[in-house]
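One structure is given below, represented as C-alpha cells, and several questions about it will come after.
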Amino acid sequence: HVQLVESGGGSVQAGGSLRLSCAASAYTVSSSCLGWFRQAPGKERERVAAIDRFRNTYYTDSAKGRFTISRDDAQNTLYLQMNSLKPEDTAMYYCSATTQPGCYDIWTRTRPVAPYWGQGTQVTVS
C-alpha cells in the first residue's frame with residue numbers, strides 16, 4: 001500500500017532554512033504529480049508547491065523565490081527546500097501524491113483532491 005513518510009520539520013528562527021523530505025513507498029515519485037500543502041491553526045489547508053511527472057513546478061505566491069520543490073528519483077523522495085523562512089510560514093506541512101501525470105487535481109482545482117497524503121510535519125518559525 002502507498003505510504004508517504006515525512007521528515008525534516010522543526011523549529012527555526014526567522015531567516016533560517018529547513019528541508020522537508022517525503023519518502024514514498026509502493027509509489028514512484030517520477031510517475032505522477034506530487035505536492036506540498038500546509039495548514040496553520042484556524043486556517044484552511046493551502047497549496048504551497050507542486051511538481052508534475054514532467055518536472056514542471058508550481059508555487060503559491062508566498063513561496064516563490066524562497067521555496068523549491070524537487071524530487072530525487074533514485075531515492076524515490078520528494079523534497080521542499082525552504083529558505084528565508086518567516087513566522088507566517090509556521091504550519092503543519094503535508095506532502096501529497098496523485099495518480100495523474102499533471103497537477104490538475106491538486107493545483108488547478110479549487111479544492112485539491114489527492115488519494116495519498118503524508119502524516120504531516122510541523123514547521124515553526126519564530
Side-chain angles (χ1 to χ4, degrees):
H1 189 66
V2 174
Q3 289 187 308
L4 303 174
V5 181
E6 302 177 1
S7 62
S11 298
V12 64
Q13 293 183 328
S17 299
L18 286 173
R19 186 177 181 85
L20 307 183
S21 300
C22 180
S25 300
Y27 183 94
T28 302
V29 300
S30 62
S31 67
S32 305
C33 175
L34 302 95
W36 288 95
F37 295 75
R38 66 187 180 189
Q39 186 170 27
K43 297 184 178 180
E44 64 181 5
R45 186 175 300 179
E46 67 173 344
R47 289 174 272 240
V48 178
I51 181 170
D52 66 22
R53 70 167 299 169
F54 314 107
R55 307 194 83 90
N56 295 308
T57 57
Y58 311 87
Y59 298 94
T60 189
D61 287 343
S62 64
K64 291 180 180 178
R66 300 188 300 127
F67 294 4
T68 302
I69 187 171
S70 64
R71 67 173 195 252
D72 186 325
D73 295 349
Q75 295 293 323
N76 204 36
T77 300
L78 177 74
Y79 298 99
L80 183 68
Q81 178 67 46
M82 303 187 294
N83 299 325
S84 301
L85 284 164
K86 306 174 181 179
E88 49 262 45
D89 295 318
T90 296
M92 185 73 74
Y93 283 71
Y94 302 88
C95 64
S96 65
T98 75
T99 58
Q100 302 298 312
C103 290
Y104 180 85
D105 283 353
I106 64 170
W107 199 258
T108 305
R109 294 177 65 92
T110 300
R111 186 180 70 164
V113 178
Y116 311 118
W117 292 87
Q119 79 286 356
T121 184
Q122 179 67 40
V123 172
T124 302
V125 185
S126 62

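Heavy-atom basis, side chains included; hydrogens, waters and symmetry copies ignored.
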Keeping the roles fixed (side chain from Glu46, backbone from Arg38), state whether a donor-acceptor pair exists under 3.5 Å.
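Flag not set: sc Glu46 to bb Arg38 has no pair under 3.5 Å.
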
With sequence neighbours left out, write down each residue that passes side-chain contact (heavy atoms from CB on, under 4.5 Å) with Ser11, or none if nothing qualifies.
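By the side-chain contact (heavy atoms from CB on, under 4.5 Å) rule, Ser11 matches Thr124.
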
For Arg47, check salt bridge (charged side-chain N to carboxylate O under 4.0 Å, His left out) against everything at least two apart and list the hits.
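Salt bridge (charged side-chain N to carboxylate O under 4.0 Å, His left out) check on Arg47 returns nothing, list empty.
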
Residues in side-chain contact (heavy atoms from CB on, under 4.5 Å) with Ser84, at least two apart?
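Listed in chain order: Arg66.
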
Between Thr98 (side chain only) and Cys33 (backbone N and O only), is there a donor and an acceptor less than 3.5 Å apart?
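At least one qualifying donor-acceptor pair exists.
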
Under 4.5 Å between side-chain heavy atoms, chaining through other members, with only Ile, Leu, Val, Met, Phe, Trp and Tyr counted: pull out the rest of the cluster around Val125, sorted by chain and number.
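Other cluster members: Val2, Leu4, Val12, Leu18, Leu20, Tyr27, Val29, Leu34, Trp36, Val48, Ile51, Tyr59, Phe67, Ile69, Leu78, Leu80, Met82, Leu85, Tyr93, Tyr116, Val123.
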
Heavy-atom count around Gln13 CD within 6.0 Å, excluding the residue itself: above 12?
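Incorrect, the count does not exceed 12.
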
Residue pair Phe37 / Pro112: nearest heavy atoms and the distance that separates them:
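Taking Phe37 first and Pro112 second, the nearest heavy atoms are CE2-CG, 3.5 Å.
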
I'd like to check Arg55 versus Arg71 (side-chain heavy atoms, cut-off strictly below 4.5 Å). Are they in contact?
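Counting from C-beta outward, Arg55 and Arg71 do come under 4.5 Å.
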
List for me each residue that meets side-chain contact (heavy atoms from CB on, under 4.5 Å) alongside Arg53, sequence neighbours excluded, and say none if there are none.
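Here the qualifying residues are Pro101.
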
Out of curiosity, Glu44 CD to Arg111 CZ, how far, rounded to the nearest 0.5 Å?
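If I round to the nearest 0.5 Å, the distance is 11.5 Å.
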
Could you give the distance from CD (Glu6) to OH (Tyr94), rounded to the nearest 0.5 Å?
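Taking CD in Glu6 and OH in Tyr94, the distance rounds to 8.5 Å.
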
Taking all heavy atoms of Ser17 and all of Gln81, pick out the closest pair and write down the distance.
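Ser17 and Gln81 have their closest heavy atoms at CB-NE2, 4.0 Å.
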
Residues in side-chain contact (heavy atoms from CB on, under 4.5 Å) contact with Arg109, at least two apart in sequence or another chain
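Partners of Arg109 by the side-chain contact (heavy atoms from CB on, under 4.5 Å) criterion, ordered by chain and then number, come out as Tyr104, Asp105, Val113.
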
Can any side-chain N or O of Asp52 pair as donor or acceptor with the backbone N or O of Cys103 at less than 3.5 Å?
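Not at all, since once roles are kept as given, no pair shorter than 3.5 Å links the two residues.
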
What do you reckon, is CD of Gln3 surrounded by more than 12 foreign heavy atoms closer than 6.0 Å?
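Count not over threshold, so no.
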
For Ser21 and Thr77, which heavy atoms make the closest approach, and how far apart are they?
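Closest pair (atom of Ser21, atom of Thr77, distance): CB-CG2, 4.2 Å.
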
Looking at Asp89 and Lys86, is any side-chain nitrogen of the basic one under 4.0 Å from a carboxylate oxygen of the acidic one?
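Between Asp89 and Lys86 there is no salt bridge, as every charged N stays at least 4.0 Å from the carboxylate O atoms.
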
Heavy-atom closest pair, residues Ala114 and Ala97
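That would be CB-O, 3.8 Å.
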
